[in-house]
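Everything on this sheet refers to the single structure shown next.
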Number of protein chains: 2
Amino acid sequence: MDNELDTKLHNRDIKPTAMRQLVLEVLTEQTTAISLPELENIFHNADKSTLYRTLKTFEEKKLIHSIDDGSGSMKYALCQEKCDCLPQDLHVHFVCSICQKTFCLNEIPVPTINLPIDFTLESVNMVIKGICSNCN
Amino acid sequence: MDNELDTKLHNRDIKPTAMRQLVLEVLTEQTTAISLPELENIFHNADKSTLYRTLKTFEEKKLIHSIDDGSGSMKYALCQEKCDCLPQDLHVHFVCSICQKTFCLNEIPVPTINLPIDFTLESVNMVIKGICSNCN
DNA sequence: TACTATTTGCAACCGAGTTGCACAAACTTT
DNA sequence: AAAGTTTGTGCAACTCGGTTGCAAATAGTA
């Protein structure tokens, strides 16, 4: 017996505990990225460090990616199915200065940059701040 | 009597107190961006909140800009002479995963992004992580 | 000089993130 | 099934960057 969430977990080599299923379910429902404190509010009876470690595990296994949107708390969002979080997989993020929501602009890959000589690239965090379509 | 630092402060409408002159001097010496904790280490006898407020003032007056490089502490670096910190003034930043230093790539403006319909742009934070020329 | 505004220093606090440790649950091996 | 091992969870405590209130000090002004 293996629903869609369990499959996702299994595909990323994560054992499907109850906690993980619940967290993944919430993450799946979101249209915008979510933070650990927000997750704590949703699961107000769950333990902070368990949620924390759940996110860490998910991130390590590349089920989710983290976005430092400058809000003071890291945001997390589901990766695309075959994402490896390599530079070529990365997309631009957008944070709304009104509603504070953080969007994955999955259709917009991070632009290629010509780094100065002897600088090598590992990853890119590109966050655009502005006003989102809901608030505009 | 008005040295170069005082002129810089004056140009940005900041009263040149002793503390501010010292902090600006340190900022001017840096080739990479610096954080509040680092600044505290340099001025080990100065007060944290004074340094904090000094940076805030500098940033408000656009003498410096802040970079959220994902290290956990905000970094600060001098703005270009006529910078207004508008989107078209922004440049790419680079953080080295070995020496942890954060560089302003002043020659590299942040690329223009075509946002989805009804999204409006205010600012961009683009941080590239990799290995710098010193560590390569 | 007296008054007002600004800056500084101190202390205390907040909140996100993190860790150690003991207990619980799941999985292995016989 | 029992014993042993690995993995996950819950709790408490802590770190650290950032921030604020307030009073003392300093600078600027009438």
Side-chain angles (χ1 to χ4, degrees), chain A residues 1-2 5-6 9-10 12-26 33-61 63-77 95 100 102 125 127, chain B residues 1-2 5-6 9-10 12-26 33-61 63-77 95 100 102 125 127:
Chain A
M1 149 96 210
D2 210 295
L5 296 179
D6 283 354
L9 290 170
H10 185 259
R12 293 294 189 169
D13 226 357
I14 303 165
K15 287 183 201 160
T17 68
M19 197 70 243
R20 289 168 178 173
Q21 290 166 334
L22 286 170
V23 171
L24 178 54
E25 191 179 4
V26 167
I34 193 172
S35 68
L36 173 56
E38 283 167 339
L39 215 49
E40 288 179 57
N41 283 334
I42 294 175
F43 297 106
H44 45 281
N45 37 5
D47 183 65
K48 191 167 113 147
S49 53
T50 303
L51 293 172
Y52 168 73
R53 285 187 270 232
T54 301
L55 289 175
K56 281 286 176 188
T57 303
F58 284 6
E59 192 183 9
E60 240 163 55
K61 303 292 189 170
L63 180 58
I64 62 177
H65 61 279
S66 58
I67 310 121
D68 187 344
D69 65 0
S71 68
S73 60
M74 195 67 78
K75 299 288 174 61
Y76 299 89
V95 54
Q100 318 296 342
T102 297
N125 184 40
V127 178
Chain B
M1 153 103 207
D2 211 293
L5 296 180
D6 283 353
L9 291 170
H10 185 258
R12 292 295 188 169
D13 225 355
I14 303 164
K15 287 182 202 162
T17 68
M19 197 70 244
R20 289 169 179 172
Q21 290 167 333
L22 286 169
V23 171
L24 178 54
E25 191 178 4
V26 167
I34 191 172
S35 68
L36 174 56
E38 285 167 338
L39 214 50
E40 288 179 58
N41 283 335
I42 294 175
F43 296 106
H44 45 279
N45 36 6
D47 182 66
K48 192 168 111 146
S49 54
T50 302
L51 293 172
Y52 168 73
R53 286 189 269 232
T54 300
L55 290 175
K56 281 288 176 186
T57 303
F58 284 6
E59 191 183 9
E60 241 163 55
K61 302 292 190 170
L63 179 59
I64 62 177
H65 60 280
S66 59
I67 310 121
D68 187 344
D69 64 0
S71 69
S73 61
M74 195 65 78
K75 300 287 174 63
Y76 299 89
V95 53
Q100 318 297 340
T102 298
N125 184 39
V127 178

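Each chain gets a letter, A, B and so on, in the order the sequences are listed, and its residues count up from 1. Just so it is clear, the values below take in all heavy atoms, side chains as well, and ignore hydrogens, waters and symmetry mates.
- Rounded to whole angstrom, the span from the CG atom of B:Leu9 across to the P atom of C:dT7 amounts to 11 Å.
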Contacts under 3.5 angstrom, residues 48-57 of chain A side chains, donor-acceptor by atom type, not counting sequence neighbours:
| unit_1 | atom_1 | unit_2 | atom_2 | d |
| --- | --- | --- | --- | --- |
| A:Ser49 | OG | A:Asp47 | OD2 | 2.5 |
| A:Thr54 | OG1 | A:Thr50 | O | 2.7 |
| A:Thr57 | OG1 | A:Arg53 | O | 2.8 |

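- In this structure, the side chains of A:Ile67 and A:Val95 stay at 4.5 Å or more apart for every pair of heavy atoms.
- Scanning for side-chain hydrogen bond (donor to acceptor under 3.5 Å, both in side chains) contacts around B:Glu38 gives B:Ser35, with sequence neighbours left out.
- If you take CG on B:Leu22 and OG1 on B:Thr17, they are separated by 8.5 Å, rounding to the nearest 0.5 Å.
- Per the geometry, CG belonging to A:Leu51 stands 14 Å off P belonging to C:dT18, to the nearest Å.
- If you measure from atom CG of A:Asp69 to atom C1' of C:dA16, you get 13 Å, rounded to the nearest angstrom.
- The nearest whole Å value for the distance from the CG atom in A:Leu39 to the P atom in C:dA16 is 13 Å.
- If you take CG on A:Asp6 and CD on A:Gln21, they are separated by 4.5 Å, rounding to the nearest 0.5 Å.
- Identified under the salt bridge (Lys or Arg N to Asp or Glu O under 4.0 Å) test for residues 65-75 of chain A, with sequence neighbours left out: A:Asp69-A:Lys75.
- Comparing B:Asn45 and B:Ile14 against DNA chain C, the residue whose closest nucleotide sits nearer the 5' end is B:Ile14.
- When rounded to the nearest whole Å, the span between CE of A:Met19 and C1' of C:dC23 equals 18 Å.
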key: Nucleotide-resolved protein contact map, nucleotides 14-30 of chain D, B/S/- at heavy-atom distance under 4.0 Å   = ---SBBBBB--------
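- For B:Glu40, there are no side-chain hydrogen bond (donor to acceptor under 3.5 Å, both in side chains) partners, not counting sequence neighbours.
- The C1' atoms of five pairs define one axis at each end of the helix from C:dT1-D:dA30 to C:dT30-D:dA1, and these two axes lie 20° apart (to 10°).
- Rounding to whole angstrom units, CZ of residue B:Arg20 and C1' of C:dG9 are separated by 15 Å.
- Atom-to-atom, CG of A:Asp47 to P of C:dC23 comes out at 16 Å; the value is rounded to the nearest Å.
- A donor-acceptor distance shorter than 3.5 angstrom exists from the side chain of A:Arg20 to the backbone of A:Lys15, with no hydrogens or angles considered.
- The distance between atom CG of B:Leu22 and atom P of C:dT7, rounded to the nearest whole Å, is 16 Å.
- When all heavy atoms of A:Phe58 and A:Ile14 are compared, the closest pair comes out as CD1-CD1, 3.8 Å.
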